[in-house]
Structure formats: C-alpha cells, structure tokens
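The sequence lines fix the lettering, A, B, ..., with proteins before strands; numbering per chain opens at 1.
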There are 2 protein chains.
Amino acid sequence: MQTFTEENYLKTIYKLSEDAESVTTNQLAAVLHTKAASVTDMLKKLSEKKLIDYIPYYGVTLTETGKRIAVDVVRRHRLWEYFLVEKLNFKWDEVHEMAEELEHISSVELVDRLDQFMGHPAYDPHGDPIPDKHGRIKQHEFKPISQLSVDECGVISGVREHSPAFLQYLEKLNLMLGNQIRVIEVLVYDQSVVLTVNQSENKISISKEAAKNILVTS
Amino acid sequence: MQTFTEENYLKTIYKLSEDAESVTTNQLAAVLHTKAASVTDMLKKLSEKKLIDYIPYYGVTLTETGKRIAVDVVRRHRLWEYFLVEKLNFKWDEVHEMAEELEHISSVELVDRLDQFMGHPAYDPHGDPIPDKHGRIKQHEFKPISQLSVDECGVISGVREHSPAFLQYLEKLNLMLGNQIRVIEVLVYDQSVVLTVNQSENKISISKEAAKNILVTS
DNA sequence: TAAATTATTTAGATTAGTCTAAAACTTAAG
DNA sequence: CTTAAGTTTTAGACTAATCTAAATAATTTA
C-alpha cells in the first residue's frame, strides 16, 4: 500500500518516462511543484521499497512493481474522468482536479465496478487510453497536427496538453474529439497552421504550439 | 479547508453529539482508534480554528461552522454510499469503507452533480437521512424494535449499527429495509424478540441488542 | 582540461499527526 | 472530606513530507 504522495510520484515518473529514457530530479520537482531536495528524499524512499531504480545524480526508472502501480493510478484517473464527463456531465476542462483526488481511492473492486458500470471505456474524455484491469494499454497511432502536410486530413483523437485554458480554447474553435480537420496551409515564418473543421468553409489558424498538442488519426 | 483528519474528527464529534450533550476525549479516542493524548492535541487545533467549543477536562461541542462542515461530510458519505449500492450494485454491508475515503473528496460541484445524477435521494442504503446541499436533514420518527409491544407492527427503516457482520446477519434473516415485521413475543428473561417478516409464517428470534439496533416506522 | 554553470544531494529544520509516560484534574467511594 | 480510581492534559519524542542553505557532482564552455 502506498501513500497518496508516493502514488503521485510514481504516476509522474511513469508519464515523464514516455518522453525520455530516464527521469531527472528537476523534472519531477517541476511537475510536482516541489523542490529538488524533496524529490531526492522521496526517490530514496521509493528506491528502498523497490518501486524505482534510482542512481543518484543519474535519474530514475520504474521497476515492474512500480510501473504496475503507476498504471493503476492512471487507470483510476482516466476512468473517473470518463465518469465525470459521461455520467455527471462535466466538461472536459473541468475534470482534472477532481480526478486527481479520486484516483487515490484504493478499492480495486470499486474501480472494476465503475469500469463495468460505464461499459469498459477505452479512452478518456481527452482521448487518452484507459488501461484495463490487468494494466494493458491500447497503443494508438496518434500524431500531432504539426506533422501533417498541406491538404492532409485527420480526425482529432487526443491532446498532449490538459490545461483548462487549452481545452477551452479548443472547444471554442470546435476542435473537439471526433471532428475531422484538413490542413489548408502551413505558414513558413512561424509554422502556424491554417485548417478547416468538419468540411466547414471557415478557416481557422492555430499556432505551432497548439498544432503540436492536438493529436489526430488518419 | 480542512484536512482529511480534521474532517474525521468533526464528523465523529457530530455523530457522538446526537446521543449526548457534549463529547469526551476518551469517547473520541475510542471511535477514532487513537489515543486520548492525540485527541487532546487535535481538539486544541480545532478549537483555535473555531470549529469546536472546547473546555479542557469538560468535553467539546461543535460551533455552527464546525457543524456545517460535519454535516457536509455526512452528506458526502451517504450520497456515495447510495451511489455505490444503487449504481455500482454493491451490497449494503460492503460500502462503508469506500465511502469513508470518498467522503473527503472536496469538490462541492462534484457532490451536487452526484446528488442530481441520482435524483436527490433522501435516505442512504442503511436508512440514514442524506442532508441536502444546504445542510438540512429530514428528521424521521424511527424507533427500535425493542420499543414495540407484542402484536405491534412496523416497517424496517434504518439501523443503528453499521458493521458488515450485523448487516449480513440482517440480510440472512430477511430483515431488510422496507420489510414489514410484527412482534409475536418478547421473552421475559432476556428480552429477546420473536417476530415475523412480511406476513410470513416463519418466526425468527433476535436478541435484545439486535432489537435495539433495528429501527422501524409504524 | 580547467573554470564556470547547472543539477543533485546532504544537513538541519519545520509541520501535521501520532505516540508513551508522567502530571494534573475530576469523580466516586468510603 | 479525604483517598482512590479514572480521565484528561502536558511533555517530549517519532514519522512522513516538506523546506532552505550549503556542499558536492556533472556538464558545458572557453
């Protein structure tokens, strides 16, 4: 059994591990809004519990046990997000904080029943895959809009940034999950992208950063 | 904003206050599975926050603010229990521990939406009233089976003991909420009660203690 | 490759909640 | 009304998670 805090560390290490081989102390401190010294202390503790492999000064990776726990936390987070949006009618930009609390409720039975109640959803409201009860995750082939060429189409299937501000911005532009986009033009000087949504006449322009953070399937 | 622990103290003081004028240190220690010294420390803290009126050596009562928080915790607890039983199909003896965790999720909006999702239930799965969002509680006129006379009838509407063992025992005897009972006989030597359920021929006998812990309306 | 910069760890302190043991207070009994 | 018993509080210590400041290791730069 882990504490709330330990689970947050494991989850964060897990997420950061998707982008890089190993995770550094400062990265963790930044994401967890804490100080490097605090992170070091926790890494020692998690290492003693054999939930991570920790080499001082060189970073950290999850052990199999640690990874399993992290995936469970992610599963719970995404299932609760799905519940909040689909059953309680929250909007996709409102659910993150609540799910941050709900993900630490420990009962395995509760999560499995919740999963069943909702019909075993595969993706959360932001398009992220929901691990199943055995920790298996559907691997999806998403790529950012920034990698599309002019005239290429795609269906919006996920986001790489979950801040309410960004999600509200997408909603305002009708860039919601399931909508089809077509790239009209990529401006040379700032790589901003002009595109249309669902065959509409209306052209909208998004920055390079936004284009990197919207994921599509073709 | 209170911590998890503070909320548990307030909730416990609230519940114990229903039976007695003021609540003592040792009572709290017993219910919270902690030591009297720890309770004293917490009472000082809650007193400084003006959530309780605390007179050293003489016990404690809730202030209006403290009571409001306690009622909110109770509301969340009972709403989550209702959810677990009605939506996730848990049995009434399985939900207490989970609700103990869920009750501390802080979002007011979450609880109100949950309440709405379930159609504003008035009673939880054990027959306890669920406070509304303004903290109002339906006062019900329940009395224990032990106060019925021979030949009196009643509808089982609540319990005064929530342990899984007791709830499972009631389920086995078909002494579930909504069922009608009739007192056939009260034995003189130990005040155990013989009764029938839902007009059945079958007579069952329960101890004085059990009779005290089952509440009926007439 | 030595110096400067950056990243990380160590040392020592803090806060919340808890504990044991001892002291102080209240209540009950004779 | 004094003593004994029981209850509550105080004193001092512990653990988990955090912090700041200082020390040390790694990396970058000249």
For the backbone of A:Leu51 and the side chain of A:Thr63, can you confirm whether one donor and one acceptor N or O come within less than 3.5 Å of each other?
yes
By ring-ring contact (aromatic ring centres under 6.0 Å, His included), A:Tyr82 pairs with (sequence neighbours left out) none
Protein-proximity profile, nucleotides 22-29 of chain D, B/S/- by nucleotide at the 4.0 Å heavy-atom cutoff, equals --BSSS--
List the atom pairs, with distances to 0.1 Å, where a side-chain N or O of residues 117-128 of chain B and a protein N or O form a donor-acceptor pair under 3.5 Å, not counting sequence neighbours.
residue, atom, partner, partner atom, Å
B:His120, ND1, B:Asp115, OD2, 3.0
B:Asp124, OD1, B:His126, N, 2.7
B:Asp124, OD1, B:Gly127, N, 3.1
B:Asp124, OD1, B:Asp128, N, 3.0
B:His126, ND1, B:Glu81, OE1, 2.9
B:His126, NE2, B:Trp92, O, 2.7
B:Asp128, OD2, B:His162, NE2, 2.8

Keeping to residues at least two apart or across chains, list the salt bridge (Lys or Arg N to Asp or Glu O under 4.0 Å) pairs with something in residues 47-57 of chain A.
A:Glu6-A:Lys49
Whether the side chain of B:Arg76 engages the backbone of B:Val111 through a donor-acceptor N/O pair (distance < 3.5 Å, no angle test) should be reported.
no
Of all pairs that satisfy salt bridge (Lys or Arg N to Asp or Glu O under 4.0 Å), the ones with a partner from residues 13-37 of chain A, not counting sequence neighbours
A:Asp19-A:Arg160
Strand-adjacent residues in residues 15-43 of chain B, judged by heavy atoms under 4.0 Å from DNA chain C
B:Thr34, B:Lys35, B:Ala37, B:Ser38, B:Asp41, B:Met42
Protein-nucleotide distance (A:Phe4, atom CZ; D:dT18, atom P), rounded to Å
11 Å
Can you sort out which residues in residues 96-104 of chain A have a heavy atom within less than 4.0 Å of DNA chain C? Ascending by number, please.
none
ring-ring contact (aromatic ring centres under 6.0 Å, His included) contacts in which one or both residues fall within residues 14-35 of chain B, not counting sequence neighbours:
none
note: B:Leu46, atom CG; C:dT18, atom P; distance rounded to Å ~ 11 Å
Is the shortest heavy-atom distance from the side chain of B:Ile156 to the side chain of B:Leu170 under 4.5 Å?
no
For A:Val39, run the side chain to side chain contact (heavy atoms under 4.5 Å, CB included) check against A:Val60, A:Asn26, A:Thr25 and tell me which one passes.
A:Thr25
Do any side-chain nitrogens or oxygens of B:Lys44 fall under 4.0 Å of OP1 or OP2 in D:dT9?
no
Expressed in angstrom and rounded to an integer, what is the separation of A:Gln2 atom CD from D:dT15 atom P?
20 Å
Pairs where residues 130-150 of chain B contributes a residue and the test ring-ring contact (aromatic ring centres under 6.0 Å, His included) is met, not counting sequence neighbours
B:His140-B:Phe142
Listed by chain and number, what are the ring-ring contact (aromatic ring centres under 6.0 Å, His included) partners of A:Tyr54, not counting sequence neighbours?
none
With a 4.5 Å cut-off on side-chain heavy atoms, are B:Leu46 and B:Gln2 touching?
no
Just to verify, what does B:Tyr9 make a ring-ring contact (aromatic ring centres under 6.0 Å, His included) with, not counting sequence neighbours?
none
Can you sort out which residues in residues 5-14 of chain B have a heavy atom within less than 4.0 Å of DNA chain D? Ascending by number, please.
none
